[in-house]
Number of protein chains: 2
Amino acid sequence: MPDSALIDAARDFNRFYTNFLGVLNKAYLDTPFTLTDARVLFEIGSREQVSAVALARDLQLDPAYLSRILKRFKTEGLIETTPDPDDRRSQLISVTDQGHQQFQELGKRSNDQITQRFNKLAAGEPRSIVAAMKTIRSLLDPGATLPPLVIRPHRAGDMGWIVESQAKFYTEEYGWDMRFEGLVAEVAGRFLGNFDPAMDYCWIAERGGINIGSILITNGGDGIAKLRLLYIDRSARGLGLGKTLVDERIRFAKAKGYRQISLWTNDILHAARAIYLKAGFRLVAEERHRMFGPELNGQTWVLDL
Amino acid sequence: MPDSALIDAARDFNRFYTNFLGVLNKAYLDTPFTLTDARVLFEIGSREQVSAVALARDLQLDPAYLSRILKRFKTEGLIETTPDPDDRRSQLISVTDQGHQQFQELGKRSNDQITQRFNKLAAGEPRSIVAAMKTIRSLLDPGATLPPLVIRPHRAGDMGWIVESQAKFYTEEYGWDMRFEGLVAEVAGRFLGNFDPAMDYCWIAERGGINIGSILITNGGDGIAKLRLLYIDRSARGLGLGKTLVDERIRFAKAKGYRQISLWTNDILHAARAIYLKAGFRLVAEERHRMFGPELNGQTWVLDL
DNA sequence: ACAATTTAGTTGACTCAGTCAAACAATTAT
DNA sequence: ATAATTGTTTGACTGAGTCAACTAAATTGT
């Protein structure tokens with residue numbers, strides 16, 4: 001049995017969040033919709049077609065009550081129904097253009113509300129909150145699907161994120177000292193300072209608004225692309241993301257006309273080494289160094305394209 | 001502005017938790033209490049004495065509605081009231097023995113409910129959930145007491161944090177481009193790379209484990225200390241933290257034997273400028289530049305120690 | 001094949017949680 | 001003293017949500 005402090009804490013949180021959601025949901029009164037209306041419209045709007053049963057089940061609503069809501073939405077022109085070809089008892093519900101507009105308006109208000117909340121917080125806090133929400137959600141609702149992984153070019157702050165997360169990780173895991181963070185910061189700084197959109201590129205892997213990985217390609221001159229700052233967050237390891245990032249970047253480098261990719265790493269980073277090996281890189285140089293405190297084997301790997 | 005994937009995630013969680021709490025709260029129907037009744041009884045039961053106003057405020061209830069609920073509780077013998085000696089309009093409410101029994105019964109049911117949920121989970125999971133709940137709570141609940149502000153030397157990842165937060169802020173607020181982040185990263189990189197414990201220093205202001213401000217002193221040679229990367233997070237502005245940081249660092253520079261402090265900033269950063277002026281800095285040079293996109297007035301300020 | 005049962009959705013009839021405005025009584029401010 | 005404010009109660013509603021009964025189509029059992 002879980003211990004009682006945990007249960008108390010959970011009850012406490014539930015009480016708190018009941019209050020909190022109560023406040024949030026009152027704000028829907030600025031619109032002609034009740035909370036339930038909003039939930040229904042939202043659910044219809046975010047799917048293509050739904051049947052009434054499915055709605056009632058997912059939102060835990062009384063079918064009679066739902067039926068009335070839908071009827072009202074229909075007379076207001078927010079939704080339209082077509083008979084289900086597979087089951088003539090059932091109607092498939094979808095939003096009209098007008099309903100879609102309302103749906104988006106609701107979404108906007110909801111966003112604004114949360115934006116306002118978040119703006120009162122310190123910069124890193126929304127991310128902590130969302131991460132915590134995801135934890136709860138994934139454990140409490142095993143059916144929840146992970147938001148999709150997005151790989152996108154870098155934005156403001158991403159380089160800082162790379163510096164921070166790499167520094168924390170290698171310091172904790174391998175005891176590297178601040179010079180490592182310094183090196184990463186300098187690499188990041190030069191990358192941004194001399195950024196050449198034609199030949200340089202940075203990709204950030206993100207899931208649900210949270211950065212989980214990075215990789216850079218910079219122009220080393222002489223047709224050589226340098227692969228740098230490959231990093232995968234703890235939470236995303238073992239999923240093949242590193243391999244994907246590297247493979248895709250090889251293709252990218254080829255397309256950009258580079259004739260060789262080169263990278264520098266350290267032998268103790270086994271996972272990374274495995275990825276490079278598999279991608280066809282070969283080790284061309286190795287040197288012992290103490291750049292970051294502990295003694296390490298720095299390695300240079302290259303791949304001819 | 002926080003980015004939209006985060007907001008979506010938060011909305012998604014709120015929707016999920018609205019459902020979740022809805023299910024949880026329906027279960028109260030096994031008792032003669034509605035959710036609101038239960039909340040009220042719980043609140044009274046867990047305090048010694050409360051006034052009706054306080055209850056209405058904390059639970060966000062309509063006073064008229066609350067008044068009726070209390071009346072019912074009173075006729076049912078769950079609560080008793082004594083006139084407030086300090087204010088004869090007001091009544092102090094407390095639970096009777098019978099009310100206390102009901103209160104505990106409610107608590108028991110609530111515990112059982114959560115125990116059941118938790119029992120379905122894997123061993124470590126309840127702990128993770130509760131930790132996540134605490135994170136959310138502490139960040140979202142303005143009533144929760146603020147953990148104390150700590151000013152400490154930098155640790156692994158702090159420079160990355162500085163880069164990230166400054167880049168995000170100046171990009172959002174002033175439309176500066178990636179070269180700004182590049183510059184900050186390089187400054188940070190050089191600071192760490194050439195770190196001299198005797199003459200360089202970085203302070204991070206942190207609250208509850210979350211960074212909210214920074215300032216650096218680096219050795220500019222010739223007895224000149226350079227003040228760099230002053231930054232205060234949105235959540236901590238207007239509290240005089242900037243002034244504290246600057247004033248303290250002036251004292252530090254003096255103690256280290258520097259004879260002058262110099263810094264570079266841009267004229268549009270009014271808050272920072274006010275701090276420097278007040279601290280006795282004087283403007284010694286100014287130049288128009290476009291280092292970060294928009295046209296700006298770079299300013300060099302110095303203070304003789 | 002066809003009766004029995006289940007499922008999708010609708011309608012009538014109701015109730016009770018929650019709201020709004022006004023009133024009263026005590027306190028605080030001017 | 002008088003006015004404005006605050007704590008609480010009451011009257012008069014309303015409308016969100018419920019429950020039971022019903023139609024019609026689909027599924028199941030024999």
Side-chain angles (χ1 to χ4, degrees), chain A residues 18-19 21-41 43-44 47 49-76 79-94, chain B residues 18-19 21-23 25-44 47 49-76 79-94:
Chain A
T18 300
N19 263 322
L21 287 174
V23 176
L24 277 191
N25 293 334
K26 286 240 170 69
Y28 275 119
L29 292 178
D30 294 355
T31 75
F33 299 110
T34 64
L35 171 60
T36 312
D37 284 354
R39 289 173 67 207
V40 171
L41 187 56
E43 205 62 27
I44 302 172
R47 311 192 193 181
Q49 301 224 308
V50 228
S51 66
V53 240
L55 274 180
R57 180 183 9 93
D58 295 351
L59 298 174
Q60 310 252 18
L61 292 177
D62 181 296
Y65 181 29
L66 179 61
S67 171
R68 275 177 241 278
I69 293 174
L70 292 176
K71 197 173 167 193
R72 201 177 70 236
F73 281 0
K74 211 167 168 184
T75 61
E76 282 167 3
I79 59 170
E80 56 196 3
T81 58
T82 53
D84 184 339
D86 299 339
D87 185 339
R88 274 177 305 156
R89 292 170 305 177
S90 178
Q91 300 268 322
L92 293 176
I93 306 160
S94 53
Chain B
T18 299
N19 265 322
L21 287 175
V23 175
N25 293 334
K26 286 236 172 74
Y28 275 118
L29 291 179
D30 293 357
T31 75
F33 299 109
T34 64
L35 171 61
T36 312
D37 284 354
R39 289 172 68 207
V40 171
L41 187 57
F42 183 87
E43 205 64 26
I44 302 172
R47 311 191 193 184
Q49 300 226 306
V50 228
S51 68
V53 239
L55 274 178
R57 182 187 4 95
D58 295 350
L59 298 174
Q60 310 253 14
L61 293 176
D62 182 297
Y65 181 30
L66 178 61
S67 171
R68 275 178 242 277
I69 292 174
L70 293 176
K71 197 172 162 193
R72 201 176 69 237
F73 281 2
K74 212 167 167 185
T75 62
E76 283 167 1
I79 58 171
E80 55 196 2
T81 58
T82 53
D84 185 338
D86 300 338
D87 185 341
R88 275 177 305 157
R89 292 171 304 180
S90 180
Q91 301 265 322
L92 293 176
I93 306 160
S94 53

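Convention: sequence-line order gives letters A, B, ...; per-chain numbering from 1.
Atom C1' of nucleotide dA16(D) and atom CD1 of I69(A) are separated by 8 Å, given to the nearest angstrom. When the P atom of dT10(C) is taken as reference, atom NZ of K74(A) falls 7 Å away, rounded to whole Å. The interatomic distance linking R72(A) (CZ) with dT10(C) (P) rounds to 14 Å, in whole Å. The distance from atom CG of L92(B) to atom P of dG7(D) is 13 Å, rounded to the nearest whole Å. Atom CG in D62(A) sits about 14 Å away from atom P in dA16(D), given to the nearest Å. Rounding to whole angstrom units, CZ of residue R57(B) and P of dT8(D) are separated by 11 Å. Between the CG atom of L59(B) and the C1' atom of dT19(C) there is a distance of 17 Å, given to the nearest Å. Look at CG on L66(A): it is 15 Å from C1' on dT7(C), rounded to the nearest Å.
Looking at the side chain of Q91(A), the nearest of the listed nucleotides dT8(D), dT18(D), dG9(C) is dG9(C). You'll find that the side chain of A64(A) is closest to dC19(D), out of dC20(C), dG7(D), dC19(D). The nucleotide whose nearest atom lies closest to any side-chain atom of K71(B) is, among dG9(C), dT10(D), dG7(D), dT10(D).
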Under 3.5 Å, N/O pairs linking protein and nucleotides 13-16 of chain C:
unit_1	atom_1	unit_2	atom_2	d
dA13(C)	N6	R68(A)	NH2	3.3

* How far apart are the C-alpha atoms of L70(A) and I79(A), what are their side-chain angles, what is the distance that settles it, and do they pass the side chain to side chain contact (heavy atoms under 4.5 Å, CB included) test? -> CA-CA 8 Å; L70(A) 292 176; I79(A) 59 170; 3.8 Å; yes
* **Pair L59(B)-V40(B), side chain to side chain contact (heavy atoms under 4.5 Å, CB included): steps then yes or no** => CA-CA 8 Å; L59(B) 298 174; V40(B) 171; 4.0 Å; yes
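Atom CG in L66(A) sits 9.0 Å away from atom CZ in F73(A) (nearest 0.5 Å). Note: I44(A) CD1 to L92(A) CG = 11.5 Å, rounded to the nearest 0.5 Å. Note: R39(A) CZ to F33(A) CZ = 15.0 Å, rounded to the nearest 0.5 Å. How far CD of Q91(A) is from OG1 of T82(A): 7.5 Å, rounded to the nearest 0.5 Å.
Applying the 4.0 Å criterion to OP1 and OP2 of dA26(C), one finds that S90(B) has every side-chain N and O outside that range. A close approach under 4.0 Å does occur between a side-chain nitrogen or oxygen of S67(A) and OP1 or OP2 of dT10(C).
In this structure, A52(B) reaches the sugar-phosphate backbone alone: every heavy-atom distance under 4.0 Å involves primed, P, OP1 or OP2 atoms, never a base.
Every pair passing salt bridge (Lys or Arg N to Asp or Glu O under 4.0 Å) that includes a residue from residues 50-67 of chain B is listed here, sequence neighbours excluded: R47(B)-D58(B).
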